[in-house]
Amino acid sequence: MPGSPALPSPAPSPGSPFLVWWAQRPPAAGAAVMATGIMSIGLHLTGYDVLSRVTLAMACVGWVALAADFAVRLVRRRERWLTEAGTPGAMTAVAATAVLGTGFSALGRHTLSEALLALAAVLWPVLLVTVVRRWKRGMPGTVFLCCVATQGLAVQGAVLAEAEAAAWLAHTALVLFWLGLVLYGVALALFDPRQPAEGAGDQWVAGGALAISALAGARLLTADDGGMYLWNADDTGVLRTVTVALLVLSLAWYAVLLVAEVRWPRPRYDMCRWATVFPMGMTAVATLSVAAAVDVPSLKGPGQVLLWVAVAAWLVVAAAALATALASVRSRAPR
């Protein structure tokens, strides 16, 4: 699955510079699929369907490549796979799969989305237990990926529940929604408060986890609009209040992290920058979705602005990633 963390490993043959570079990917690699997938969802919400399909196809290519590598390591390098599965970046396997599945649901490909949801649901408990057992204080922003992965399942479950009128799936998504908030609280207690000033990019996941939580709440509210009568008026009121509060908190984190970027600039490219793009895109999508779910049209404009800011960030990071990859491959090529 996408995002299997990369630790130092025996290098491939000297004649394979691309494979050497590929084997040395850092744990943030799966965030590239997550960032590209959320761009596709945001572009779909704003009516740019062609661009949405293009970016979704790009996310699929990245997912397939990382999924193949995940499977190869599981079969051939079991000891290394088990070690890597305990790192926070391993949760991008679940999150990226759920984001991709949500993107397919938006296109009406519900069967494919169901298959991806089943796959993510199988991976989620295995990786979650392995990662949580190794939590400690002073962790980087990747500690919030447990919340992101859990809420990713909640979002996809709510979307499919609405599409197929499956009340059981909506109720399961609601349980995951509340569990995700518990995981966020624990992760926040372990998060290194110096990361906004020192992080390489994944500090943004602190806000992105709240944004995907708000998106999950919005999707659950929307699912109830389909006439399934999932929860009573009091329950709906609580869910609506919590969803709006989560969006406000995610926007506050966005502002804090943006100020930190200006105060302590980090212009040099790092793979963790994909973990910056994803929260930016997720905040935009959450804003647009909450605007529709709670019927606040005034949020639509800010959501669109945030989306194009995220698209610009995606282009910058993608260009830097490509340039860095090419330079790395060339430096390893035989002369």
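These numbers come from the heavy atoms of this one structure, side chains and all, not from hydrogens, waters or symmetry mates. We number each residue from 1, following the sequence as shown.
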**Request:** Mind checking side-chain hydrogen bond (donor to acceptor under 3.5 Å, both in side chains) for S289 and listing every partner two or more places apart, or none if nothing turns up?
**Result:** none
**Request:** Apply salt bridge (Lys or Arg N to Asp or Glu O under 4.0 Å) to R53 and list each qualifying residue two or more places apart in sequence or on a separate chain.
**Result:** none
**Message:** List the residues meeting salt bridge (Lys or Arg N to Asp or Glu O under 4.0 Å) with E114, not counting sequence neighbours, and say none if there are none.
**Reply:** none
Return each pair, listed once, that meets salt bridge (charged side-chain N to carboxylate O under 4.0 Å, His left out) where at least one residue sits in [range]; pairs must be two or more places apart or across chains.
| range | value |
| --- | --- |
| residues 193-215 | D192-R194 |
| residues 117-139 | none |
| residues 230-248 | none |

What distance do [X] atom [atom1] and [Y] atom [atom2] have between them, rounded to the nearest 0.5 Å?
| X | Y | atom1 | atom2 | answer |
| --- | --- | --- | --- | --- |
| L179 | T150 | CG | OG1 | 5.5 Å |
| L230 | L174 | CG | CG | 9.0 Å |
| L307 | K300 | CG | NZ | 12.0 Å |
| T92 | L66 | OG1 | CG | 8.0 Å |
| L181 | L246 | CG | CG | 5.5 Å |
| L56 | I38 | CG | CD1 | 11.0 Å |

**Request:** With side-chain contact (heavy atoms from CB on, under 4.5 Å) as the test, would you mind laying out the steps for F278 and V148 before giving the verdict?
**Result:** CA-CA 11 Å; F278 172 73; V148 171; 3.9 Å; yes
Any donor-acceptor pair under 3.5 Å linking the side-chain atoms of [Y] with those of [X]?
| X | Y | result |
| --- | --- | --- |
| S213 | Q151 | yes |
| W253 | Q203 | no |
| T55 | T36 | no |

Between [X] (side chain only) and [Y] (backbone N and O only), is there a donor and an acceptor less than 3.5 Å apart?
| X | Y | answer |
| --- | --- | --- |
| T97 | L116 | no |
| R266 | W264 | yes |
| S40 | S52 | yes |
| S113 | R109 | no |

**Message:** Using the rule side-chain contact (heavy atoms from CB on, under 4.5 Å), only one of V155, L220, L288, I41 pairs with L215; which is it?
**Reply:** V155
[X] and [Y]: same hydrophobic cluster, using ILVMFWY side-chain contacts below 4.5 Å?
| X | Y | value |
| --- | --- | --- |
| V277 | V262 | no |
| V186 | M91 | yes |
| W308 | V317 | yes |
| V61 | V50 | no |
| V33 | L112 | yes |

**Message:** Run the side-chain hydrogen bond (donor to acceptor under 3.5 Å, both in side chains) test on Q195 and W204 for me, step by step, so that the C-alpha distance in whole Å, both residues' side-chain angles and the decisive distance to 0.1 Å come before the verdict.
**Reply:** CA-CA 9 Å; Q195 287 299 298; W204 280 79; over 6 Å; no
**Request:** Measure across G208 and P279 and return the closest heavy-atom pair with its distance rounded to 0.1 Å.
**Result:** CA-CB, 3.5 Å
**Request:** Determine the minimum heavy-atom distance between A161 and L169, stating which atoms define it.
**Result:** N-CD2, 3.8 Å
For residues [X] and [Y], determine if any side-chain heavy atom of one lies less than 4.5 Å from a side-chain heavy atom of the other.
| X | Y | value |
| --- | --- | --- |
| P196 | F191 | yes |
| S105 | V159 | yes |
| M280 | T276 | yes |
| F104 | H110 | no |
| L247 | L299 | yes |

**Prompt:** Any chance OH of Y48 has more than 12 other-residue heavy atoms, nucleotides or ligands included, within less than 6.0 Å?
**Reply:** no
**Message:** Which label fits Y184 and F144: parallel for a plane angle under 30°, tilted from 30 to 60°, or perpendicular past 60°?
**Reply:** tilted
**Request:** Report the C-alpha separation of T87 and V131 in whole Å, then their side-chain angles, then the decisive distance to 0.1 Å, and conclude whether the side-chain contact (heavy atoms from CB on, under 4.5 Å) test is met.
**Result:** CA-CA 6 Å; T87 63; V131 170; over 6 Å; no
**Message:** Applying side-chain contact (heavy atoms from CB on, under 4.5 Å) to L221 and T243, what does each step give before you reach the verdict?
**Reply:** CA-CA 9 Å; L221 288 169; T243 298; 4.2 Å; yes
**Item:** M34 vs L145, side-chain contact (heavy atoms from CB on, under 4.5 Å): CA-CA, chis, key distance, verdict
**Value:** CA-CA 11 Å; M34 296 163 59; L145 285 172; 4.2 Å; yes
